[in-house]
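As structure tokens, the structure follows; a few thoughts come after it.
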There are 2 protein chains.
Amino acid sequence: MGDARNKEDLYGAFAEVGKVLSNGKRIEILDVLSQGERSVEVLAERVGTSVTTTSAHLQIMRRSGLVSTRREGTHIYYSLASFDVVKLLETFRSVARMHYERVEPALERYLGSNEAESIDQGDLQRRWSRGHIVILDVRPHEEYLAGHIPGAISIPLERLSDEVEKVFEVEAASPSSLPESEQGSVTPADLEIVVYCRGAYCSFANDALAILQSRKLNTIRLSDGFTEWRIAGREVEV
Amino acid sequence: MGDARNKEDLYGAFAEVGKVLSNGKRIEILDVLSQGERSVEVLAERVGTSVTTTSAHLQIMRRSGLVSTRREGTHIYYSLASFDVVKLLETFRSVARMHYERVEPALERYLGSNEAESIDQGDLQRRWSRGHIVILDVRPHEEYLAGHIPGAISIPLERLSDEVEKVFEVEAASPSSLPESEQGSVTPADLEIVVYCRGAYCSFANDALAILQSRKLNTIRLSDGFTEWRIAGREVEV
DNA sequence: CTAGTATTCTTGATAATTATAGAATATACT
DNA sequence: AGTATATTCTATAATTATCAAGAATACTAG
């Protein structure tokens with residue numbers, strides 16, 4: 001009891017879990033998995049490593065217990081062991097962001113620095129109830145289907161350029177909570193589009209922002225994303 | 001914006017913070033630092049690595065921003081950048097413990113498995129107000145001085161064998177909240193001793209438990225320790 | 001300025017990690 | 001059973017981490 005060998009084992013066990021967070025590709029994989037289960041092949045494609053390398057990373061992650069697997073026929077689907085892992089990742093990144101000075105600049109280079117043009121979750125809900133906004137989910141469609149912010153419509157980023165007009169169709173189809181007299185008079189410039197993606201560290205929303213603003217649309221991004229929305233315990237629509 | 005190079009930088013930056021948690025010795029160092037600032041020499045001694053190796057670990061930790069330094073004359077004192085790091089460590093370990101099956105057995109081998117003989121923070125406060133217990137802090141004396149659970153007395157583990165009788169002196173000196181009539185009649189067997197140390201993963205309390213129980217004293221450990229006490233936001237006495 | 005002490009930097013040996021290609025395995029389907 | 005497909009295992013090379021001894025640096029005190 002309490003001797004050096006056992007101490008090493010214990011701390012070694014913790015370190016093995018920490019190892020999951022010590023490689024960028026693995027953190028990227030965690031990010032994708034926080035949106036739902038995925039196969040090795042899909043993960044490899046999303047993360048940009050070979051299938052073998054991705055598999056090796058996944059073995060490390062599975063051994064740590066943070067990731068679990070489910071076999072369905074010839075496919076093996078990887079998923080996060082529990083929602084606690086999403087929360088841990090969120091805590092981890094917020095601490096990293098606060099303390100490691102290299103994070104913020106890297107984030108600005110990756111997302112572009114339009115911090116001014118974002119609103120938080122509470123603002124979004126308030127504005128949504130007042131009407132005249134469209135909530136736009138630019139994640140891949142299957143992630144939208146797995147759950148999204150109530151009222152949001154789905155236009156995946158890669159289809160956004162071709163399908164912008166869908167935004168106005170939706171506004172016409174589902175009247176807001178405003179009195180009748182004020183409806184129907186909304187011009188594209190009046191309508192505010194709130195864009196969101198997976199989370200605060202996902203570039204989809206900012207890429208979408210660039211596209212929409214180049215078309216002179218009144219667009220803003222949610223300051224974080226769907227992951228943080230779930231962590232906050234807010235309502236999710238499926 | 002949003003390209004592969006920047007993405008790599010961002011996730012790489014996160015990974016560099018994760019690296020701190022990917023080595024057992026570094027986690028051990030974080031544990032010691034969560035009790036207060038320490039010099040390289042002291043840390044090396046506590047953790048059981050050479051000063052040079054310890055210094056190298058500390059450089060990694062400092063670069064990540066989780067650990068900061070303060071120079072006082074010839075000494076450099078290392079400390080955690082903020083209390084958030086303690087909370088992160090706590091979250092991290094609780095997730096690791098839940099999901100990685102190797103943690104629990106390692107913990108039992110290190111601490112000994114007397115799970116039955118522990119009480120939680122709420123129980124401790126309730127029993128303390130009812131009297132007839134002594135709260136015993138077995139951490140090194142300087143950690144006790146930096147802050148401890150209200151009412152606790154300090155007997156560092158390495159002095160415990162020689163100074164057990166101090167426990168009874170204290171009970172005599174500071175009468176509990178019981179009515180006068182019931183005081184003075186406490187025998188060593190009646191008196192319950194609640195032991196605590198740094199945290200749930202610290203072996204001091206269990207080592208102390210073994211010593212006290214071998215003397216047939218009525219002893220129990222706090223299920224976690226001082227770190228968790230602080231995280232819970234409970235009152236601290238200095 | 002100099003001696004003394006604490007800490008970090010250099011160096012080098014060893015071990016671990018990352019990544020990939022190609023072989024092997026496991027399952028589904030016909 | 002045999003083929004197709006998804007995934008893991010094996011082997012290999014390049015990179016990076018770990019650790020410790022000794023040199024170099026930074027600061028204090030006389």
Side-chain angles (χ1 to χ4, degrees), chain A residues 4-5 7-9 11-30 32-33 37-64 66-79 102, chain B residues 4-5 7-9 11-30 32-33 37-64 66-79 102:
Chain A
R5 175 93 189 103
K7 190 187 210 179
E8 232 174 90
D9 279 359
Y11 282 94
F14 285 129
E16 227 161 301
V17 179
K19 205 159 64 177
V20 172
L21 300 173
S22 72
N23 175 285
K25 294 293 180 191
R26 286 196 287 264
I27 299 179
E28 247 185 286
I29 291 174
L30 286 181
V32 179
L33 291 181
E37 59 175 20
R38 296 285 182 276
S39 67
V40 182
E41 202 184 15
V42 169
L43 287 168
E45 190 263 321
R46 290 280 165 91
V47 162
T49 47
S50 70
V51 172
T52 35
T53 303
T54 310
S55 175
H57 281 309
L58 286 166
Q59 294 318 305
I60 291 172
M61 297 166 85
R62 185 167 64 173
R63 228 171 293 139
S64 81
L66 298 190
V67 162
S68 45
T69 56
R70 179 178 73 85
R71 177 152 222 152
E72 192 181 303
T74 165
H75 284 268
I76 294 179
Y77 291 99
Y78 290 85
S79 58
R102 262 184 50 195
Chain B
R5 177 93 189 105
K7 190 187 210 177
E8 233 180 275
D9 279 359
Y11 281 93
F14 285 130
E16 226 161 300
V17 179
K19 205 159 66 176
V20 172
L21 299 173
S22 72
N23 176 286
K25 294 295 180 191
R26 285 196 287 264
I27 299 179
E28 247 185 285
I29 291 174
L30 286 180
V32 179
L33 291 182
E37 59 174 21
R38 297 285 182 277
S39 67
V40 182
E41 202 183 15
V42 170
L43 287 167
E45 189 262 322
R46 289 280 165 91
V47 162
T49 46
S50 71
V51 172
T52 43
T53 302
T54 309
S55 174
H57 281 309
L58 285 166
Q59 294 321 303
I60 291 172
M61 298 167 84
R62 185 167 62 172
R63 229 170 293 140
S64 80
L66 299 190
V67 162
S68 45
T69 56
R70 180 178 71 85
R71 178 151 223 153
E72 193 181 303
T74 166
H75 282 271
I76 294 178
Y77 291 99
Y78 291 85
S79 58
R102 263 183 51 194

Can you confirm whether more than 12 heavy atoms, excluding those of Arg70(A), are under 6.0 Å from its CZ atom? yes
With sequence neighbours excluded, what pairs up with Gln59(A) under the side chain to side chain contact (heavy atoms under 4.5 Å, CB included) test? Ser55(A), Arg62(A), Arg63(A), Tyr78(A)
Ala15(B): which residues meet the side chain to side chain contact (heavy atoms under 4.5 Å, CB included) condition with it, sequence neighbours left out? Ile27(A)
What is the separation between atom [atom1] on [X] and atom [atom2] on [N], rounded to the nearest whole Å?
X        : N       : atom1 : atom2 : answer
Tyr78(B) : dT7(C)  : OH    : P     : 8 Å
Arg62(B) : dC9(C)  : CZ    : C1'   : 12 Å
Glu37(B) : dA6(C)  : CD    : C1'   : 15 Å
Glu16(B) : dA17(D) : CD    : C1'   : 13 Å
Ile29(B) : dT7(C)  : CD1   : P     : 13 Å
Ile76(B) : dT25(D) : CD1   : P     : 16 Å
Glu8(A)  : dT18(D) : CD    : C1'   : 13 Å
Arg63(A) : dT8(D)  : CZ    : C1'   : 12 Å

How would you list, by chain and number, every residue that makes a salt bridge (Lys or Arg N to Asp or Glu O under 4.0 Å) with Glu8(A), sequence neighbours excluded?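 Applying salt bridge (Lys or Arg N to Asp or Glu O under 4.0 Å) to Glu8(A) gives none.
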Its contact letters, B for base, S for sugar-phosphate only and - for none at protein heavy atoms under 4.0 Å, make nucleotides 16-26 of chain C read -SSSBBB---S
Do any pairs count as a salt bridge (Lys or Arg N to Asp or Glu O under 4.0 Å) and have a residue in residues 43-52 of chain A, sequence neighbours left out, and if so which ones? Arg46(A)-Glu142(A), Arg46(A)-Glu143(A)
Find the distance between CG (Leu30(B)) and CG (Leu66(B)) and round it off to the nearest 0.5 Å. 7.0 Å
To the nearest 0.5 angstrom, please state how far the CD atom of Glu28(B) sits from the OG1 atom of Thr54(B). 10.0 Å
All side chain to side chain donor-acceptor pair (under 3.5 Å) counterparts of [X], not counting sequence neighbours:
X        : result
Thr52(A) : Ser50(A)
Ser64(B) : none
Arg71(A) : none

Could you list the donor-acceptor pairs under 3.5 angstrom formed by side chains in residues 17-26 of chain A, with sequence neighbours left out?
unit_1, atom_1, unit_2, atom_2, d
Ser22(A), OG, Lys19(A), O, 2.8
Ser22(A), OG, Arg26(A), NH2, 3.4
Asn23(A), OD1, Lys25(A), N, 2.8
Asn23(A), OD1, Arg26(A), N, 3.1
Lys25(A), NZ, Val47(A), O, 3.3
Arg26(A), NE, Lys19(A), O, 3.2
Arg26(A), NH1, His57(A), ND1, 3.2
Arg26(A), NH2, Lys19(A), O, 2.9

Just to be sure I understand the geometry, which residues of residues 38-46 of chain B put a non-hydrogen atom under 4.0 Å away from DNA chain D?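 Under 4.0 Å from DNA chain D: no residue of residues 38-46 of chain B.
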Do the side-chain N or O atoms of His75(A) get closer than 4.0 angstrom to the phosphate oxygens (OP1, OP2) of dT7(D)?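 It does, given that an N or O in the side chain of His75(A) lies less than 4.0 Å from OP1 or OP2 of dT7(D).
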Which stems, defined as runs of 3 or more consecutive Watson-Crick or G-U wobble pairs with both pairing distances under 3.5 Å, involve DNA chain C? C:1-30 with D:1-30
